[in-house]
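One structure is given below, encoded as structure tokens.
Chain letters run A, B, ... following the sequence lines, proteins first and then strands; every chain starts at 1. For the numbers below, each heavy atom of this structure counts, side chains included, while hydrogens, waters and symmetry mates do not.
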There are 2 protein chains.
Amino acid sequence: MVVDSLGTTFAALSDPTRRAMIERLSHGPASVHGLTEPFALSQQMISKHIAYLVRARIVIKTKRGRESVCTLRPAAIKTVSDWAISYRRFWEESFDKLDAVVNQMKKEEARDGKKHG
Amino acid sequence: MVVDSLGTTFAALSDPTRRAMIERLSHGPASVHGLTEPFALSQQMISKHIAYLVRARIVIKTKRGRESVCTLRPAAIKTVSDWAISYRRFWEESFDKLDAVVNQMKKEEARDGKKHG
DNA sequence: ACAATCCACTACCATATGGTTGTGGATTCC
DNA sequence: GGAATCCACAACCATATGGTAGTGGATTGT
């Protein structure tokens, strides 16, 4: 597998628990224990989710005594934003055009349907 | 599993082939065959990838005779953009703060390291 | 009618992931 | 020193996914 950094990022964001973690971390760093409490999941599972976020470089983990403090990396979120915004021209230009295209297709589909119906 | 529409979208975006498909489709609709050519993947695999994009409502598939035409849904990409932008305040406000926080942590980490090192 | 083209469906395999349980290492509190 | 707390590591299971190979249905071209 090629590294595909953006792919790893999107994969990390595909889980609702991890997105909730990001939401929480956007208000400030938190320990693993702090992240475990609100989620009704085992500590081990939370650690696994954090590991995915760390691997995607969305979160940085730092040891502080017996605690591990998790901090959100803003640049990672910005990467996602940049990707989406690179299609901005598309989803701004196309909102009207799409209706026309889809309608045209539906017309042709209906016509084709009549041919064998 | 709860539906988690955003999660399905991110999962669909986690594969580089599918993102390349989106890039291609952002220039206009294409048939499954048209999407197969540039990717050096089997037709079945392309169909599978398209199915994930359709499930995530990123792509609409319409039959035209023996072809299936794929069209990009702008709103899906906008969903991703909206999610990322909702953290804009965070990754704009935090870029300087983060350095300070991380440096502070590293200092403390080094100090802790000396304690048992 | 016949061949070629476009596509979907199925079976199959390997790996990654969400989740559990059990355990043990550090660190902190008493 | 001993107990409690925070956390990671490992084994294990079920499911989803990336990928292959084989096949057959529809449609199109001749």
Quiz item: Hey, does the side chain of A:S42 come within less than 4.0 Å of C:dT20's phosphate (OP1/OP2), counting only N and O?
Solution: yes

Exercise. Considering just the side-chain nitrogens and oxygens of A:K48, establish if one lies under 4.0 Å of OP1 or OP2 belonging to C:dT20.
Key: no

Quiz item: Any donor and acceptor pair, going by atom type alone, linking the side chain of B:R24 with main-chain N or O of B:A30 inside 3.5 Å?
Solution: no

Quiz item: Just to confirm, is there a sub-4.0 Å distance from OP1 or OP2 of C:dG18 to any side-chain nitrogen or oxygen of A:R18?
Solution: yes

Practice problem: Between A:Q44 and B:R55, just flag the one whose closest nucleotide in DNA chain D comes earlier from the 5' side. | Solution: A:Q44

Exercise. Pick base, sugar-phosphate or nothing for A:S31, based on heavy-atom distances below 4.0 Å to the nucleic acid.
Key: sugar-phosphate

Practice problem: Grab the CG-P distance between B:L13 and D:dT17 for me, whole Å please. | Solution: 14 Å

Quiz item: Can you name the closest pair of heavy atoms from B:T17 and B:F39 and give their distance?
Solution: O-CZ, 4.2 Å

Quiz item: Would you say a side-chain N or O of B:H49 is under 4.0 Å from OP1 or OP2 of D:dT17?
Solution: no

Quiz item: When the distance from CD of A:Q43 to P of C:dG25 is rounded to whole Å, what number comes out?
Solution: 16 Å

Quiz prompt | Nearest-Å distance for atom pair CG/P, residues A:D15 and D:dT17 | solution = 13 Å

Quiz item: So which one's nearest nucleotide on DNA chain C is more toward 5', A:Y52 or A:R66?
Solution: A:Y52

Quiz item: Do NZ/NE/NH1/NH2 and the carboxylate oxygens of B:D82 and B:R88 come within less than 4.0 Å?
Solution: no

Quiz item: Given atom CG of A:L41 and atom C1' of D:dC7, what is their separation to the nearest angstrom?
Solution: 16 Å

Quiz item: Is B:K61 near enough to C:dA8 that one of its side-chain N or O atoms lies under 4.0 angstrom from OP1 or OP2?
Solution: yes

Quiz prompt | Donor-acceptor under 3.5 Å (B:T79 side chain, B:A75 main chain) | solution = yes

Quiz item: Are any of B:T36's side-chain N or O atoms less than 4.0 Å away from OP1 or OP2 of C:dC6?
Solution: no

Exercise. Please report, rounded to the nearest Å, how far the C1' atom of C:dT17 is from the CZ atom of A:F10.
Key: 19 Å

Exercise. Take atom CG of B:L35 and atom C1' of C:dC6, then tell me their distance rounded to the nearest Å.
Key: 13 Å

Exercise. Would you please confirm or rule out a distance under 4.0 Å between OP1 or OP2 of C:dC7 and any side-chain N or O of B:S68?
Key: no

Quiz item: Side-chain N or O of B:S47 less than 4.0 angstrom from OP1 or OP2 on C:dA8?
Solution: yes

Practice problem: Specify the separation, in whole Å, of atom CZ of B:R64 and atom C1' of C:dT5. | Solution: 16 Å

Practice problem: Search all heavy atoms of A:S14 against all heavy atoms of B:D4 and return the closest pair with its distance. | Solution: O-OD2, 3.7 Å

Quiz item: Rounding to a whole Å, what distance do you find between B:H33:NE2 and D:dT28:P?
Solution: 15 Å

